[in-house]
Amino acid sequence: MAIVIIRQDEKIGVWKDELLRQAPELEIYSYLEAHPKDKITMALVWKHPPGSIMGYPNLKYIASSGAGVDFILADPSVPKGIPITRIIDPMLAKDMSAFVVSLIHNHLKNLSSYKNDQHAKQWLPKPYLRKPNVNVGVMGLGQLGTHLVKTLCDLGFQVNGWAASKKEISGVQTYVGQKERNEFLATTNVLVCLLPLTPQTIGVLNSSLFKVLPKGAFVINVARGGHLVDKDLISALDTNHLSGAALDVFHKEPLPENHPFWEHPNVHITPHVASVSDPASVVPQIIENFERCTQGKTLNNSVSVKKGY
Ligand code: NDP
């Protein structure tokens, strides 16, 4: 029974150290070192190189070290029928809410626009928006979206939420599925995407959706780059239908140097940092699942491969 960590960034050592700090008895390998493939029962992965979760004859489950699993499901070489788990972590939800709330305040007070003015040495006071005049609409009311809408309500925002199934959240006007999508959008001035990336949600942030938003709406995408049709956003910004966008995630990361988003005055770019799994916070659930797997128990935080999240 051993764990292999598969990821392309420089954090394999950080995860291995934290796992060993909390459970020194574990046998853990980086996929980059020589390791006994037949001993591996769990693969702990994040944006693995496609084709790297193969050749483990006794693999019992694949654990995403983040909230999303889209990158696992998108790799056709991942063995079928093996359970996949993800991270559900209060710190991840708090971090996401704090990030999105900062972006919304930044938008209301025109802070990015003043940064642009500063570069141009221009003194241009602008009217600003106040909370009672702004409806924030959150697409996706799962672990992160639900925490966000509750946080926004507590801060005094008017909040709409949209999901695949009906939700009852105090203070939040909720909408369900395609039939209520336009009603949700029509009263949303700041749209936040917190959907999982699935075949149903790829390209969901497109011209037809933007058209339904009120003129001057602002779009925040902190979910996945694949949700957004980039050229449709640029067109909605350039025709002044949308007032701006804050993007944390992109089709290709890092965002290519020649991408028009870099230069667009109304696009606020951050490098996929809205909410990052903290190993110390999430390792206990990884260890618990490893133990549950060893004992033949049902795993926590399993995803539905059929639904894609
Ligand atoms: P969850 O799986 O908990 O929630 C997903 C929500 O989306 C659910 O409410 C679900 O509805 C809804 N949904 C799914 N498909 C549809 C659809 N076709 N139409 C309408 N609603 C739909 O996910 P999390 O909240 O944990 O995370 C959301 C995403 O955030 C992750 O998948 C990840 O991609 C992204 N993320 C980004 C980070 C960053 O740093 N930028 C960090 C962490 C996560 P229902 O409840 O009815 O099933």
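Numbering of ligands and ligand atoms starts at 1, following listing order. Atom set for the values below is all heavy atoms of this structure, side chains included, hydrogens, waters and symmetry mates excluded. Since the model is a prediction, treat every value here as computed from it, not as a measurement.
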Report yes or no: is the cationic atom of Lys109 (NZ for Lys, CZ for Arg) under 6.0 Å from the centre of the six-membered ring of Tyr128, at an angle within 45° of the ring normal? yes
Relative to ligand 1, is Thr201 under 4.0 angstrom through side chain, backbone, both or neither, heavy atoms considered? side chain
Has Leu195 got any heavy atom lying under 4.0 angstrom from an atom of ligand 1? yes
Using a strict threshold of under 4.0 Å (side-chain N to carboxylate O), is an ion pair present between Glu33 and Lys16? yes
Would Leu197 count as a contact of ligand 1 if the rule is a heavy atom under 4.0 Å away? no
Closest approach of any protein heavy atom to atom 28 (C) of ligand 1, naming residue and atom: Leu194 O, 3.4 Å
Hey, can you pull the donor-acceptor pairs under 3.5 Å for the side chains in residues 36-43, sequence neighbours left out?
residue : atom : partner : partner atom : Å
Lys39   : NZ   : Glu27   : OE1          : 2.9
Lys39   : NZ   : Glu27   : OE2          : 2.9
Thr41   : OG1  : Ala2    : O            : 3.4

Give me the residue, atom name and distance of the protein heavy atom closest to atom 37 (C) of ligand 1. Val222 O, 3.1 Å
Which one holds for Gln200 and ligand 1: side chain close, backbone close, both close, or neither close, with close meaning a heavy atom under 4.0 Å? side chain
Check for me whether Trp162 has a heavy atom closer than 4.0 Å to any atom of ligand 1. yes
Between Tyr56 and His35, is the ring centroid distance below 6.0 Å? yes
Of the backbone atoms (N, CA, C, O) and the side-chain heavy atoms from C-beta on, which set of Val249 has a member under 4.0 Å from an atom of ligand 1: side chain, backbone, both, or neither? side chain
Tell me: protein heavy atom nearest atom 8 (C) of ligand 1, and distance? Gly142 N, 3.7 Å
Which is closest to atom 14 (C) of ligand 1 by heavy-atom distance: Tyr175, Phe99, Tyr309, Phe71? Tyr309
Heavy-atom nearest option to atom 33 (C) of ligand 1, drawn from Arg181, Arg224, His147, His227: Arg224
What is the closest protein heavy atom to atom 46 (O) of ligand 1, and at what distance does it sit? Lys167 NZ, 2.6 Å
Among all the protein's non-hydrogen atoms, which is closest to atom 38 (C) of ligand 1, and how far away is it? Met96 CE, 3.5 Å
Among Gly308, Ser275, Ser304, Gly226, closest by heavy atom to atom 42 (C) of ligand 1 is Ser275
Pick whichever of Ser277, Pro196, Gly66 has a heavy atom sitting closest to atom 7 (O) of ligand 1. Pro196
Suppose we measure from atom 11 (O) of ligand 1 to each protein heavy atom; which comes out shortest, and what is that distance? Ala164 N, 3.3 Å
Can you tell me which residue and heavy atom of the protein come closest to atom 25 (O) of ligand 1, and the distance to 0.1 Å? Leu144 N, 2.9 Å
Non-hydrogen atom of Arg86 closer than 4.0 Å to ligand 1: yes
